[in-house]
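Written below as structure tokens is the structure these notes are about.
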Amino acid sequence: MNTLKREKNTIRILFLLPIFVLFIVFIVYSIYFCFRASLYDWNGVGPLAADKFSGLRNWKNLVNDGEFWSAAKNNIKMIFISILGQLPIGLLMALFIDHYGKRAKFFKIVWFLPYLMSSSTIGLLFSYLVNNYTGPIAGMLKTFFGIKMPSLLGNPQYAFSVVAAAVIWQYVSFYMIYYLAGLSTIPVDLYEAAVIDGATRIQYTFRCAIPMIAPTIRNAIVLQLIGSLKYFDLVYVMTEGAQKTELMATYMYKMTFQSTRMGYGSAIAAVMFLIITALALITVKLLERRGED
């Protein structure tokens, strides 16, 4: 019996070993190297030599870097816009599909399509749509109303809102599916019992369905929080971080690859890692405490 148990454990270890190796190489070592590189005045060429060691200078410069903290503020704005935009809309879409079932299959497919598109494609699509010279929206406004549309992505007053709209449009379908998965776990008997007791669909939704998927909603908030701090490709394609749309990820890319300041870029990446980890842990604790109450 003990021999059979040891053999099973050996098989488990052998199957899990490749995952652990990949995790250590691509996650653990990458984080370690990022923090280590942040202590060097390194341009990405050659090894991290002792003569390039700068200690905490990159971190001190980062603390006094107004552009970085401006980008961090934009990330915070993006968090609130995404949570207030994607999560409620995704929930409404999920409730609609859950209510109509197979009759809403068409909407389920169409609404999920944006998530299947690459961020670069969506960025180019939105850039074309809001182009004030050749875009279809500008053309319709001029043709039917005689209104000349201003430059949206070229104006700091509108650029961030347009980028946020593109982000919401791309990811709202993910949360729709996520909520649908939660709604599918609710027993049908609960709805039938609510109907027998005289509850309307709205009463069932707010008093039964939503409370039942509260853990799913909490997980969605955490996922949204982490994702909002890592946006890069869509923003870079649309504005390259210009017009007050700079985010921490786009600023890190510019410092790392355009300015070839690999050490400073690593410091930015390390700070992003610490911020994301801290906010995620705090959010999880707060949501767990609220769930217990």
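Quick note: numbers below take in every heavy atom, side chains included, and nothing from hydrogens, waters or symmetry partners. Only a predicted model underlies this, so the values are computations on that prediction, with no experimental measurement involved.
To the nearest 0.5 angstrom, Ile210 atom CD1 is 9.5 Å from Ile186 atom CD1. Taking CD1 from Ile97 and NZ from Lys102, the interatomic distance works out to 15.0 Å, rounded to the nearest 0.5 Å. Of the inter-residue distances, the one linking Ile221 atom CD1 with Leu286 atom CG reads 10.5 Å to the nearest 0.5 angstrom. Interatomic distance, CE of Met117 versus CG of Leu125, reported as 5.5 Å (0.5 Å rounding). Rounded to the nearest 0.5 Å, atoms OH (Tyr175) and CD1 (Ile168) are 11.5 Å apart. Atom OH of Tyr133 and atom NZ of Lys142 lie 10.5 Å apart (nearest 0.5 Å).
Side-chain contact of Ser119 with Gln170: a donor-acceptor pair under 3.5 Å is present, judged by distance alone. Side chains of Arg12 and Asn9: a donor on one and an acceptor on the other come within 3.5 Å.
Of all the heavy atoms in Lys108 and Leu180, the pair that sits closest is CE-CD1, 4.1 Å. Closest non-hydrogen pair, Val162 versus Leu152, comes out as CG2-CB, 3.9 Å.
In this structure the side chain of Phe107 never reaches within 4.5 angstrom of the side chain of Tyr100, judged on heavy atoms. Put simply, the side chain of Val163 reaches to within 4.5 Å of the side chain of Met78, judged on heavy atoms.
No donor-acceptor pair under 3.5 Å is formed between the side chain of Thr143 and the backbone N or O of Met140. Proximity of a side-chain donor or acceptor of Thr239 to a complementary backbone N or O of Val235 within less than 3.5 Å is detected. Asn219 places a side-chain N or O within donor-acceptor distance of the main-chain N or O of Pro215, the cut-off being under 3.5 Å. Side chain of Thr256 to backbone of Met262: no donor-acceptor contact under 3.5 angstrom is found. Gln86 places no side-chain N or O within 3.5 Å of a backbone atom of Ile83 that could act as its donor or acceptor partner.
Among the candidates Phe160, Tyr251, Tyr253, Tyr171, the single residue satisfying the ring pair (Phe, Tyr, Trp, His ring centres under 6.0 Å) test with Tyr231 is Tyr171. Among Leu124, Val167, Leu153, the one residue that satisfies the side-chain contact (heavy atoms from CB on, under 4.5 Å) test with Met238 is Leu153.
Between Tyr236 and Phe232, the ring planes lie parallel to each other; the angle is under 30°, not in the 30° to 60° tilted range.
Salt-bridge check for Lys254 with Glu246: passed, with a basic side-chain N closer than 4.0 Å to an acidic carboxylate O. Look at Asp65 and Arg261 and you find no salt bridge, because none of the NZ, NE, NH1 or NH2 atoms lies under 4.0 Å from a carboxylate O.
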* Is there a salt bridge (charged side-chain N to carboxylate O under 4.0 Å, His left out) between Arg201 and Asp98 once you walk through the steps? -> CA-CA 12 Å; Arg201 184 72 192 190; Asp98 181 67; 3.5 Å; yes
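In this structure, the ring of Trp42 has its center no less than 6.0 angstrom from the ring center of Tyr264.
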